[in-house]
S.K.: 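Before anything else, here's the structure in question.
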Amino acid sequence: MRIEAVEAIQVPPRWIFVRVRTDDGAVGWGEAIVPKRPLAVIGAIADLAENIRGSEAGHIEDLWLRMHRGAFYRGGPILGTAAAAIETALWDIKGRQLGVPVHELLGGPVRDKIRTYAWVGGDRPQEVLAHVQQRVDQGFTAVKMNATAQLDYLDRSSLVDGVVGRVASIREKFGPDFGIALDFHGRVHQAMARVLLRELEQFRLMWVEEAAAPESDDILPALRDAAGSTPLATGERLYSRWDFVRLLEMRAVDVIQPDVSITGLHELVKIAHMAEAYDVAVAPHCPSGPISLAASLQAGYCCANIIIQEQSGGMHYNQGYKGLPSQELLDYVTEPGVLTQRDGYFQLSVEPGLGLLLDEAAMRDRSQVWRQPDPDWRYDDGRYAEW
Ligand SMILES: [Mg+2]
């Protein structure tokens with residue numbers, strides 16, 4: 001069974017689905033991310049497809065090595081996501097061919113269900129209590145929100161009070177057991193991060209995420225001191241075991257957040273197993289579409305230190321973001337299978353491959369080429385601010 005065709009299909013709200021077909025007609029699906037550079041991603045997929053056409057589809061590890069090392073230059077989100085989407089589709093094909101879910105091929109299930117959390121508040125969180133209530137009504141036991149909009153190197157105390165006030169109101173209304181994760185999004189500079197982390201320790205957060213930008217991970221040990229007992233999480237902008245082992249060796253984070261649409265499915269499992277040796281938990285990043293979520297869940301079912309799964313259901317990115325049509329998580333899905341949720345958990349599925357059936361006609365109908373513009377946030381004096 002040899003790889004015959006690889007096709008990338010761009011669809012709203014901001015997803016890139018990848019279809020791999022073999023010479024005997026088998027089809028598998030993967031999903032790429034990096035929505036702000038879609039043409040580069042689609043170009044990278046086309047380059048890889050040219051190199052692997054005619055290869056044995058079941059030799060996934062060999063293909064992973066070729067896709068990651070064959071070009072000599074390696075690493076980064078564009079090449080990573082192109083390879084990840086194809087690799088995920090190959091696991092989908094293998095699972096369907098053998099009639100088993102992918103997690104059965106990677107060690108078998110270690111659990112019956114996986115906890116999931118929902119997003120609240122958008123990029124610039126303001127009124128969040130009503131949004132959290134909506135999520136609680138939907139069955140969620142945990143939420144995540146961005147801590148703040150742009151924050152200058154040394155900024156006003158009132159902005160710190162705003163962050164603390166929002167978190168305090170959620171903790172007060174929804175009680176001590178409700179999961180609250182806060183994303184600094186790599187947009188908070190270290191001086192303000194230290195101030196915020198000290199103020200936030202009292203709320204027993206699930207974690208604080210990207211307290212440092214990924215290129216400044218070396219300040220995480222100092223930030224951990226400031227965070228006190230609050231767990232620190234990061235890793236959505238790291239791409240492989242080699243990136244994560246450097247992070248883990250710092251002994252500064254309690255939770256890592258690899259994204260299956262950048263690492264690939266088996267690589268996510270390998271990263272999770274490696275983290276287990278450092279007593280670190282995994283909360284896979286996934287603000288993406290249904291295929292990435294299904295792939296991430298397949299990893300979650302065979303890794304005991306994956307504690308919770310992110311998802312994009314109801315997320316601001318899906319709702320007409322930057323002028324693109326609004327689409328929801330299951331809009332391209334005919335059989336949700338592994339994406340079936342109950343009371344804030346995904347339920348173990350025995351459906352083969354990634355565990356869902358897709359509506360290819362809807363994809364082709366809504367397919368369009370788009371470029372998502374970069375945000376252009378500014379401080380009060382006009383300087384560019386990280387978003
Ligand atoms: Mg994040």
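Just follow the structure's listing: the first ligand is 1, and inside any ligand the first atom is 1. Predicted, not measured: the structure shown is a model, and the values here were computed from it. As a basis for the values below, the full set of heavy atoms in this structure was taken, side chains included, without hydrogen atoms, waters or symmetry mates.
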S.K.: As a test of reading the structure, name the N/O/S atom of E236 that is nearest the Mg ion (ligand 1).
M.R.: OE1
S.K.: Taking the Mg ion (ligand 1) as the reference point, name the nearest N/O/S atom of D183.
M.R.: OD2
S.K.: For a side-chain contact (heavy atoms from CB on, under 4.5 Å) check, start with the C-alpha distance between I271 and L238, then their side-chain angles and the critical distance, and finish with the verdict.
M.R.: CA-CA 11 Å; I271 290 166; L238 301 180; over 6 Å; no
S.K.: I need the minimum non-hydrogen distance between P258 and L268, along with the two atoms involved.
M.R.: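 Minimum heavy-atom separation between P258 and L268: CG-CD1, 3.1 Å.
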S.K.: Strictly under 2.8 Å, is any N, O or S atom of E209 next to the Mg ion (ligand 1)?
M.R.: yes
S.K.: Taking Q190 for the side chain and A212 for the main chain, is one N or O donor matched with an acceptor at less than 3.5 Å?
M.R.: no
S.K.: As a quick check of understanding, evaluate side-chain contact (heavy atoms from CB on, under 4.5 Å) for E87 and E267, giving each step before the final call.
M.R.: CA-CA 10 Å; E87 185 255 13; E267 186 69 6; 5.8 Å; no
